[in-house]
Amino acid sequence: ISSPSDESAAKGSITITGDYIDDKGVNSITLTLSPVNDSSDTANTKTYTISKTANDDGLITPDSTTPSNGTWYVNVDTTDFADQAYKISVNGTDGTYTSANATRTFDIDNTAPVFVLSKPNSLNISDPYAFGTQVQIAGEIADDHAISSMDIRVFSYDGSTTTEIT
């Protein structure tokens with residue numbers, strides 16, 4: 001399994017990829033995505049089966065110089081799953097029906113971080129007061145995963161963007 005990285009977080013549409021090496025080549029790959037902490041959670045468990053013929057789930061692509069080796073991919077829409085840790089279990093089967101397994105864990109996190117603005121504030125939103133030339137912006141941001149960045153946009157009274165802070 002090449003991607004996603006072990007213990008990483010993913011959201012939206014992702015592609016799970018991997019490589020294979022076998023003396024007979026691989027005829028089919030079955031990938032199961034299941035919750036790490038609750039194997040009985042069938043609502044958040046899905047199995048994808050791919051072959052050398054493209055389908056909606058993915059494709060096995062033999063290497064052009066060594067056809068017994070190659071790559072595979074499976075397309076996954078993570079919005080179909082609840083936010084939590086998942087285990088990817090991959091089983092590849094060759095022409096002699098011999099199989100091999102690989103696993104990896106990652107998190108699905110489609111929920112945006114929560115930001116609470118504490119400064120500046122206004123008690124009456126219909127009558128905000130002017131702050132002058134300098135404004136201190138303060139607050140707290142929280143999420144189940146590390147936050148890589150936060151963008152703040154400051155707007156003028158007429159709604160046009162005047163400043164963007166990253």
Side-chain angles (χ1 to χ4, degrees), residues 1-117 137-154 161 163-166:
I1 304 171
S2 305
S3 71
S5 302
D6 202 24
E7 304 295 327
S8 65
K11 69 176 188 170
S13 295
I14 64 168
T15 302
I16 300 173
T17 62
D19 302 304
Y20 65 86
I21 299 171
D22 187 79
D23 61 340
K24 304 288 184 195
V26 171
N27 289 342
S28 68
I29 290 177
T30 303
L31 182 143
T32 302
L33 200 55
S34 59
V36 168
N37 297 322
D38 187 3
S39 58
S40 65
D41 183 0
T42 57
N44 286 298
T45 299
K46 186 167 181 182
T47 299
Y48 303 84
T49 303
I50 59 171
S51 65
K52 293 176 186 172
T53 305
N55 62 39
D56 290 340
D57 290 340
L59 178 66
I60 297 172
T61 307
D63 186 78
S64 60
T65 56
T66 312
S68 61
N69 303 339
T71 60
W72 57 267
Y73 71 87
V74 173
N75 296 315
V76 176
D77 182 359
T78 67
T79 61
D80 293 340
F81 298 87
D83 288 2
Q84 60 183 315
Y86 285 86
K87 177 174 75 173
I88 303 168
S89 301
V90 177
N91 181 294
T93 306
D94 69 10
T96 61
Y97 300 101
T98 304
S99 63
N101 300 304
T103 61
R104 174 167 289 177
T105 60
F106 78 109
D107 288 354
I108 290 178
D109 182 11
N110 286 302
T111 304
V114 175
F115 178 67
V116 178
L117 182 67
I137 298 173
E140 293 185 33
I141 189 166
D143 194 63
D144 289 339
H145 297 91
I147 297 169
S148 60
S149 68
M150 183 175 122
D151 296 331
I152 298 172
R153 292 186 185 127
V154 179
T161 303
T163 306
E164 187 164 337
I165 305 165
T166 301

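Atom CG in Asn101 sits 4.5 Å away from atom CG in Asn91 (nearest 0.5 Å). To the nearest 0.5 Å, atom CG of residue Asp6 and atom CD1 of residue Ile1 are 8.5 Å apart. Atom CG of residue Asn110 and atom CG of residue Asp107 lie 11.5 Å apart, to the nearest 0.5 angstrom. Once rounded to the nearest 0.5 Å, the distance linking CD1 of Ile108 with CD1 of Ile14 reads 6.0 Å. Rounding to the nearest 0.5 Å gives a distance of 4.5 Å between CZ of Phe81 and CG of Leu33. The CG atom of Asp143 sits 7.0 Å away from the NE2 atom of His145 when rounded to the nearest 0.5 Å.
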Between Trp72 and Val26, does a side chain to side chain contact (heavy atoms under 4.5 Å, CB included) hold up when you go through it step by step?
CA-CA 10 Å; Trp72 57 267; Val26 171; over 6 Å; no
Any chance you could lay out the side chain to side chain contact (heavy atoms under 4.5 Å, CB included) test for Asn27 and Thr93, step after step, and finish with the verdict?
CA-CA 6 Å; Asn27 289 342; Thr93 306; 5.7 Å; no
Working for side chain to side chain contact (heavy atoms under 4.5 Å, CB included), residues Tyr48 and Ile29
CA-CA 8 Å; Tyr48 303 84; Ile29 290 177; over 6 Å; no
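Looking at heavy atoms from C-beta onward, Asn37 lies out of side-chain contact with Gln84 at the 4.5 angstrom threshold.
Thr96 and Thr98 are linked by a side-chain donor-acceptor pair at a separation below 3.5 angstrom, with hydrogens and angles left out of the test. Asn75 and Thr15 form a side-chain donor-acceptor contact under 3.5 Å, judged by distance and modelled atom types alone. With 3.5 Å as the limit, one finds no donor-acceptor pair spanning the side chains of Ser51 and Ser28.
Without hydrogens or angle criteria, Thr78 side chain to Gly12 main chain gives a donor-acceptor distance under 3.5 Å. Asp63 places no side-chain N or O within donor-acceptor distance of the main-chain N or O of Asn69, the cut-off being under 3.5 Å. Formation of a donor-acceptor pair under 3.5 Å by the Asp83 side chain with backbone atoms of Thr111 is found in this model. Side-chain atoms of Ser68 come within 3.5 Å of backbone N or O of Asp22 as a donor-acceptor pair.
Residue Ile50 comes nearest to Leu59 through the heavy atom pair CD1-O, 3.9 Å, listed as atom of the first residue, atom of the second, then distance. Arg104 and Ser3 get closest at one heavy-atom pair: NH1-N, 3.9 Å. When all heavy atoms of Thr45 and Ser34 are compared, the pair lying nearest together is OG1-CB, 3.7 Å. In plain terms, the two heavy atoms of Ile147 and Pro113 that are nearest each other are CD1-CB, 4.2 Å. Closest heavy-atom contact between Phe115 and Met150: CE1-CE, 3.3 Å. Asp19 and Ser2 get closest at one heavy-atom pair: OD2-OG, 3.4 Å.
Below 30°, between 30° and 60°, or above 60°: for Tyr86 and Phe106 the angle between ring planes is between 30° and 60°, a tilted geometry.
Around the NZ atom of Lys52, the shell of radius 6.0 Å holds more than 12 heavy atoms that belong to other residues, nucleotides or ligands. Around the CD atom of Glu7, the shell of radius 6.0 Å holds more than 12 heavy atoms that belong to other residues, nucleotides or ligands. Residue Ile21 places its CD1 atom among 12 or fewer non-hydrogen atoms of other residues, nucleotides or ligands, all under 6.0 Å distant.
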